[in-house]
Each structure stands twice: as C-alpha cells, then as structure tokens.
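Positions are given from 1 along the sequence. Remember, it's a predicted structure, so these values are computed and weren't measured experimentally.
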Amino acid sequence: MSVPNVNCKILYVENEETLAKYPTRNERYGPKRKFYSCNQAQDYVTYVDTGSKQDYISYSGDREKSTGIFGKNGLLGYKERVALRKKLRTTKSIIWDCLLTFQPEFGQTYCNNYEQAYEMMKCEMPRFLKDAGFNPDNITWFAGLHTNKRHRHIHISFFENEPTRLRKRSKELQYSLGKINRACLDRFKIHVEQNLTDISAELRIARKDVTTLTQNVLFSKDCQIRYNSEFQSLILRLAESLPSEGRLSYDSENMYPLKPLIRQITDIAIKSNRKWHKAFLKFCGEVKRHDDETREMLIRNKVPEKYRDRYLKSETYLEDLYRRMGNQILNYVRVYKKKERPAKSRLARKRIRNKTAFDVLSRSAQLQAAMEADSMFFFEEYLKKLEEAREENAQGVMELDEME
C-alpha cells in the first residue's frame, strides 16, 4: 500500500508554573520546557536554526543541515532571533512543537530548499492555526527546513502572544490548552501536499481563461452571441426582472430568484462560442484532475471515506466559475440597459424597450446563419476526429491479429 508523502507529529509542553504544581510531571517535562523556552545554553531556536549533533528526539545521527530559521516574514536575522528568545523565555503560553516529514523522493523534489519551504509555510501555517481554533494574529511561529536526511523535514514551533480563552467559572482570560484535533492535522498534511505540488495551478489558469473569454465574448464588437435570438430574449427577460434596489451581483440575496435564469443564459452563451466552450471543457477537466489527485492523497493518508468529500472541490470550483461568469452577464445587462433612452411615462419607456429589443433581434436572423455555419464546422471536425479514431483502432486490431 502506498504511504503518505507528508507526515505530521505534534507535541506540546506546559509552562513552568503549571508543571511546578505536579512534581512528577515537572520532573519529566521540566527540562523539555527549558529547552523549548530557551532557558538553557543549547535551546530549540539554535537547533532549528543551525542543527545539533545530538537530535532531541533521537531520529538524527549526523549534524543537521538547516536552511535557516524563518517566520511569517522570512529568514530571521540576529536581532529577530534575540527578540524571539526573549518572548519564549517570558511567555506563559503552552509551546507547541510540530514536525513535518516528507517521503524521500517527494521532499527532494518539492521541499528541498528554503524558498519552497517558506512559500508553503507562509500560506499554510495561518490556515492550519485558524483550523485548530487559534487566532493567527495572536500566534508567534517559527520554522526551519532540515536536509541532513533523505527524508526532508520541517521543524515548527508556535505559541500564543496573549491569553484569549475565558475560564468558565472566573471568566478570566487564559491560554489555550495543548491538544489539537487529529482531523486538523490530517487536513494540514493534505493542504501541505497540495500546496507543494501546486495541483491547483492549472485549475486557476483554466478558470482565468474561461473568465477572460466570458468578458471578451460578451463585450466584443464582432461577437455573434449577442445576436443569438434565444440568448437575447433571455437577456431581455433578465433585464426586465432585475430588482430596482439593492446589489446587482450574482451572490447578492435579492438576486437569488434570478440565479437559474442567469445560469441558463451562461450555458447558452458557452455553447454558442467554440473558444469559450473549449475553455470551459478544459476547466471541467482540470477540476476532475484536481479531485482525482486529491482523492489519491486521501487514500494514501487513510482518511476515512465519509470525510473525503470535504476535500473535493468540483462543486465549489464550478459554482465559483458560474459566479464569475454570472457577474459578467449582469455587467452585460447593465450595459444593455444604459442604451435605453430615458423616458418619463411608463408607456414611453415600454415603447423604447420594445424598439431596442426589435432592433437587436431583427439582426439575429442574418447572423444566425453564420452561427449555424460555425456550429456545423465544429460538428464536422468532431466527426472527422471520430473517424480517425476508428481507423486507428481498426489498424491496431489488424496488427494484433498479425502478431497472433
């Protein structure tokens, strides 16, 4: 069975005051607290920054090779490391220590230098903290990538700057408890792998292509879609149905009853333009590929099937694309409505709208033929490709018979 490309371990140590209340725990965890809070000569900040011959969790043998200690703003200079140690020595917060390890080939490909590690952590650490119930703005975190082993790994430590939790009885503020949900760590691993492999990059490009084409198709002077009778009649219906007050955006509350009509207009427009339709199909393919690769990650990480749907983005990405295209449709309607001359009486306004609609729809007859010719060309190309595929398949069968 395949193993996860990313693994994650996390532990925490309580502050000195809490440990002092329990002699047995203090005897066991007191030295670790001193190590993490930099209250001894060989401390955790030094280890993350430069490495150590004797690893504190006994999985390293040789001297560590570290790419340097960094935080949310990049590599830490001397003064920043001094300030960090001072905060660690005085904080009453629990200190967390997280270890991200990567399978050899994966780590050496996707997380083998400071730039790769920092860009990933800058994006994923705030999301992980928020998912774990922290306020990212109230957290100090630092990390370092170590490359001494085939398994590249990142050491991460973080603590709270101020107490933000209310005690139930006294209503006083206190620091967070140490335990972090296992499901939260699983999501962190998945997001780290997705970020490093950047499986969403092609999806973002495909979405941008579709959105750009939406604007080009709708607002180009040479575009034929605006003269499609079905498209234009629906646009007229939408223009008549727009609310007179409130926001006119696809996701606004007062536009909710018109969403099905906007999606219908969008679908007709997509199918009426070859380039737009091709870009849309490419986007759908990238969405499927994104979910397929994510599903493989979930299987490798043994995420239960009942939780997998929350990681899959097909519906989310498609809805987001329709939102973007829907807003372009609404922009088109606004432009259309501006062409109507102002009139005082209701009958005059109705007469102007009818004349505008008649002028636009009358042009559709002569241009509809051009669109049908375009569609016929597209269909002929499809038949041609289909015939070529059949011939290749027949040739393959003949070669197989000869071999037998």
Side-chain angles (χ1 to χ4, degrees), residues 7-102 107 111-114 117-118 121-122 125 129 134 138-163 175-180:
N7 280 298
C8 180
K9 294 180 180 179
I10 194 165
L11 57 87
Y12 65 91
V13 287
E14 297 168 309
N15 63 39
E16 290 83 351
E17 291 181 4
T18 303
L19 291 173
K21 297 176 182 178
Y22 308 97
T24 305
R25 283 163 64 180
N26 189 39
E27 182 180 356
R28 181 176 180 181
Y29 298 108
K32 286 188 176 182
R33 176 70 189 198
K34 289 183 178 180
F35 175 71
Y36 285 112
S37 62
C38 299
N39 281 302
Q40 63 181 47
Q42 289 295 322
D43 58 43
Y44 186 63
V45 171
T46 300
Y47 172 75
V48 174
D49 188 28
T50 62
S52 172
K53 289 183 179 180
Q54 184 174 359
D55 192 278
Y56 74 104
I57 57 172
S58 302
Y59 74 85
S60 165
D62 301 326
R63 179 175 176 80
E64 290 280 337
K65 292 182 180 178
S66 174
T67 60
I69 190 170
F70 61 87
K72 64 179 182 179
N73 295 320
L75 288 169
L76 302 184
Y78 173 75
K79 291 183 179 180
E80 292 167 316
R81 294 197 299 274
V82 170
L84 176 62
R85 283 191 174 90
K86 184 177 180 180
K87 290 180 70 174
L88 283 164
R89 287 170 185 150
T90 58
T91 184
K92 301 299 181 182
S93 166
I94 284 173
I95 298 176
W96 286 266
D97 175 33
C98 182
L99 177 67
L100 276 178
T101 59
F102 308 103
C111 197
N112 201 39
N113 54 55
Y114 159 73
Y118 171 65
M121 286 292 297
K122 181 176 65 173
M125 193 62 188
L129 292 171
F134 298 103
N138 188 44
I139 294 288
T140 295
W141 66 267
F142 59 95
L145 170 67
H146 288 189
T147 59
N148 70 307
K149 294 293 184 181
R150 293 176 62 246
H151 291 78
R152 303 298 190 249
H153 52 278
I154 299 176
H155 294 279
I156 310 162
S157 183
F158 62 93
F159 58 93
E160 291 181 293
N161 299 323
E162 301 290 341
Y175 288 98
S176 300
L177 300 178
K179 290 185 178 180
I180 292 178

Residues Tyr36, Leu11; criterion side chain to side chain contact (heavy atoms under 4.5 Å, CB included); working and verdict: CA-CA 11 Å; Tyr36 285 112; Leu11 57 87; 3.5 Å; yes
Apply the test side chain to side chain contact (heavy atoms under 4.5 Å, CB included) to residues Ser157 and Trp141: give CA-CA distance (whole Å), side-chain angles for both, the deciding distance (0.1 Å), then the verdict. CA-CA 6 Å; Ser157 183; Trp141 66 267; over 6 Å; no
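Between the side chain of Asp97 and the backbone N or O of Tyr12 there is no donor-acceptor pair closer than 3.5 Å. Not one N or O on the side chain of His146 forms a donor-acceptor pair closer than 3.5 Å with the backbone of Ile154. At least one donor-acceptor pair under 3.5 Å links the side chain of Thr50 to the backbone N or O of Thr46. Between the side chain of Arg33 and the backbone N or O of Val13, at least one donor-acceptor pair lies under 3.5 Å. Arg152 places no side-chain N or O within donor-acceptor distance of the main-chain N or O of Asn112, the cut-off being under 3.5 Å. The backbone N or O of Gly178 lies less than 3.5 Å from a partner atom in the side chain of Trp96, making a donor-acceptor pair. Between the side chain of Glu162 and the backbone N or O of Asn138, no donor-acceptor pair lies under 3.5 Å. Remark: the backbone N or O of Lys87 is not paired with any side-chain donor or acceptor of Thr91 at under 3.5 angstrom.
At least one side-chain heavy atom of Leu88 sits less than 4.5 Å from a side-chain heavy atom of Phe159. No side-chain heavy atom of His151 sits less than 4.5 Å from a side-chain heavy atom of Phe102. Put simply, the side chain of Lys92 reaches to within 4.5 Å of the side chain of Tyr175, judged on heavy atoms. Two residues are said to be in side-chain contact when any heavy atoms from C-beta on lie closer than 4.5 Å; Ser176 and Phe134 meet this criterion. Residues Ile69 and Leu84 form a side-chain contact, since some pair of their non-hydrogen atoms from C-beta on lies under 4.5 Å apart.
The CG atom of Asn161 lies 7.0 Å from the CD1 atom of Ile139; values are rounded to the nearest 0.5 Å. Taking CG of Leu100 as the start and CG of Leu145 as the end, the distance is 10.5 Å to the nearest 0.5 Å. Here Arg85 contributes atom CZ and Cys38 contributes atom SG; the two are 5.5 Å apart, rounded to the nearest 0.5 Å. Note that CD of Glu160 and OG1 of Thr140 are 10.5 Å apart. Values are rounded to the nearest 0.5 Å. To the nearest 0.5 angstrom, Cys8 atom SG is 7.0 Å from Ile156 atom CD1.
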Ignoring hydrogens and angles, write down the donor-acceptor pairs under 3.5 Å from the side chains of residues 72-82, residues two or more places apart or on other chains.
from, atom 1, to, atom 2, distance (Å)
Glu80, OE1, Gly77, N, 2.6
Arg81, NH1, Leu76, O, 2.9

Expected list for residues 18-31: side-chain donor-acceptor pairs under 3.5 angstrom, two or more places apart:
from, atom 1, to, atom 2, distance (Å)
Thr18, OG1, Asn15, OD1, 2.9
Arg25, NH2, Glu14, OE1, 2.3
Arg25, NH2, Glu14, OE2, 2.7

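Not a single salt bridge (charged side-chain N to carboxylate O under 4.0 Å, His left out) links Lys34 to another residue, sequence neighbours left out.
Nearest heavy atom pair, residue Ser37 against residue Arg89, reads O-CG, 3.2 Å.
For Phe70 and Phe142, the distance between ring centers is not under 6.0 angstrom.
Note: His155 and His153 have perpendicular aromatic rings, judged against thresholds of 30 and 60 degrees for the angle between ring planes.
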